[in-house]
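Worksheet for the structure shown next.
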Amino acid sequence: MRNIFLVIRREYLVRVKKKSFLVMTVLGPLLFVAFYGTVFWAAVSSVDIKTVQVLDESGLFRNKFKDSETLKFESTNTSIDSAKAAFPNSDANALVYIPANVIQSPKSVRIYAAKNVSLELKSEIEKVIEKEIEDIKLAEAGITHKILEDSRVNVNSETISLSEEGEKTSSSGAATVIGGICAFLIYMSVFIYGTQVMRGITEEKTSRIVEVIISSVKPFQLMLGKIIGVALVGLTQFVLWILLTTALTSATSAVIASKMSKESAQIEQEMKKAQMPNQGLPGGNVDNPVAEVLGAVSSLNLPLIIGCFLFYYLGGYLLYSALFGAVGAAVDNDADTQQFMLPITLPIIFSFVFAQFVLRDPDGTLAFWTSIIPFTSPIIMMVRIPFGVPAWEIALSMVLLVLGFMGTTWVAARIYRVGILMYGKKVSYKELVKWIFYK
């Protein structure tokens with residue numbers, strides 16, 4: 001046992017002290033926040049105002065085109081030939097021609113521009129024309145647009161879980177998002193840190209360092225120490241990422257919220273002077289979206305989700321990294337690992353694909369069996385848990401995952417003890433089977 005702890009300590013300290021680990025641990029959250037900050041900034045400030053000339057021969061669309069944050073409309077009363085001739089010398093970005101027979105022939109509308117117009121501009125123009133034509137046809141049929149608006153109902157139902165503890169508000173949206181994030185993190189960690197175990201063993205084998213280590217440590221102890229050591233490295237990095245990302249996101253959100261509140265206060269003051277209601281403004285007679293999100297997340301059983309995530313993260317990693325370690329011991333270089341990687345990675349890929357279907361029916365047959373099988377349970381069970389899973393299913397899944405880890409570790413150890421000192425030989429699946437049953 002002492003030797004295993006020594007190997008764990010070495011693997012952990014060697015990787016944690018690397019500059020690449022420190023750089024990625026700090027840069028990861030910074031890049032995450034910078035990415036979404038850049039997207040937000042680009043969405044708000046990178047779009048220029050487009051000027052659009054409107055030539056309406058029908059006379060039906062006067063004052064129907066309203067200016068927006070990105071579009072400015074100008075009407076013109078010249079002929080279409082004169083408008084097209086003057087367009088290249090104007091500051092307009094597009095010219096919209098609406099013929100007199102637009103009601104009978106809606107497809108006769110034309111948009112002229114020096115180059116192809118954006119989809120947003122085209123869609124904005126088409127919406128205005130479509131809505132006005134609809135209103136005219138409805139009026140001819142004796143139906144006003146107000147009647148149609150009044151007939152439309154937006155149903156926003158509240159989901160409530162019934163249990164022995166009583167009624168409890170739940171959120172399907174929050175359960176879907178949280179389950180998907182947890183599954184994705186486990187999916188990525190298995191690939192990233194499992195591959196680190198395989199490459200570390202291959203490097204030691206190629207450099208013949210392992211021959212010295214094996215003289216004082218048993219192969220099984222060495223393999224188990226490497227697996228657990230890298231697992232602790234991954235767990236440390238995840239915890240630091242979560243803490244740093246939370247701190248940076250909170251600071252960024254506070255700055256954005258402060259800026260938005262100041263702008264909302266100014267708009268509210270202007271509207272009060274004009275004696276207008278402030279509905280639709282932050283702080284007005286609308287629900288607070290931030291409060292809705294926090295309420296949705298708080299409706300979930302967060303302690304259970306966090307505890308299960310840690311268990312399935314470690315269980316899934318330990319199960320697969322043992323197989324990755326066996327592959328690293330069986331080959332002499334990274335190029336030879338490809339033939340053995342497919343059988344290991346297929347269950348992980350399948351489980352991530354199955355997760356899309358499990359989200360549609362968290363209690364279905366597919367969801368149950370894939371959350372019980374050890375090779376798919378780490379990802380699938382984390383998708384199901386936010387929706388509520390019976391305790392006996394979670395317990396059965398955890399027991400089978402532990403047994404699966406023990407089984408894969410035994411198989412990997414049998415391959416590892418032979419392959420770690422095997423050089424210069426191309427290994428096949430038939431050869432690996434022989435190694436498992438060597439005495």
Side-chain angles (χ1 to χ4, degrees), residues 39-88 90-157 173 260 263-264 267-268 270-271 274 276-282 284-287 289 292:
V39 171
F40 178 80
W41 173 83
V44 172
S45 61
S46 64
V47 180
D48 297 329
I49 298 176
K50 305 291 184 183
T51 302
V52 180
Q53 291 183 348
V54 180
L55 174 57
D56 179 19
E57 291 184 349
S58 67
L60 300 172
F61 298 91
R62 288 174 185 160
N63 301 322
K64 298 296 181 181
F65 290 94
K66 304 296 183 182
D67 295 344
S68 64
E69 295 180 356
T70 58
L71 297 176
K72 180 182 179 182
F73 294 96
E74 296 177 351
S75 60
T76 179
N77 298 320
T78 61
S79 65
I80 182 60
D81 293 331
S82 301
K84 287 194 292 185
F87 178 75
S90 67
D91 296 330
N93 300 99
L95 170 65
V96 180
Y97 170 63
I98 304 175
N101 64 338
V102 66
I103 301 294
Q104 294 76 23
S105 180
K107 293 185 178 180
S108 59
V109 176
R110 296 287 181 268
I111 301 176
Y112 299 94
K115 54 185 180 180
N116 204 5
V117 296
S118 66
L119 185 63
E120 180 185 4
L121 174 59
K122 183 174 181 292
S123 178
E124 180 77 16
I125 294 169
E126 289 174 349
K127 281 181 182 178
V128 173
I129 297 174
E130 287 172 358
K131 181 178 180 299
E132 187 61 23
I133 293 175
E134 285 177 2
D135 288 346
I136 292 172
K137 290 187 175 182
L138 289 171
E140 292 176 353
I143 302 173
T144 63
H145 194 71
K146 186 177 184 303
I147 295 175
L148 283 180
E149 290 294 333
D150 292 340
S151 66
R152 292 173 183 167
V153 179
N154 183 21
V155 178
N156 186 11
S157 61
M260 291 180 67
E263 294 177 355
S264 299
I267 295 173
E268 188 175 359
E270 293 176 0
M271 297 186 76
M276 295 174 64
N278 66 340
Q279 292 184 2
L281 290 174
N285 299 328
V286 294
D287 293 332
E292 289 184 3

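These numbers come from the heavy atoms of this one structure, side chains and all, not from hydrogens, waters or symmetry mates.
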Exercise. Mind checking the CD1-CG spacing from Ile98 to Asp56? Nearest 0.5 Å is all I need.
Key: 4.5 Å
Quiz item: Quick one: CD1 on Ile111 to CD on Gln53, what's the gap to the nearest 0.5 Å?
Solution: 13.5 Å
Between [X] and [Y], what is the shortest heavy-atom contact and its length?
X      : Y      : value
Val52  : Val96  : CG1-CG2, 3.6 Å
Glu126 : Lys122 : OE2-NZ, 2.6 Å
Ser108 : Asn101 : OG-OD1, 4.0 Å

Exercise. Taking the side chain as every heavy atom from C-beta outward, state whether Ile80 and Tyr112 have any atom pair closer than 4.5 Å.
Key: yes
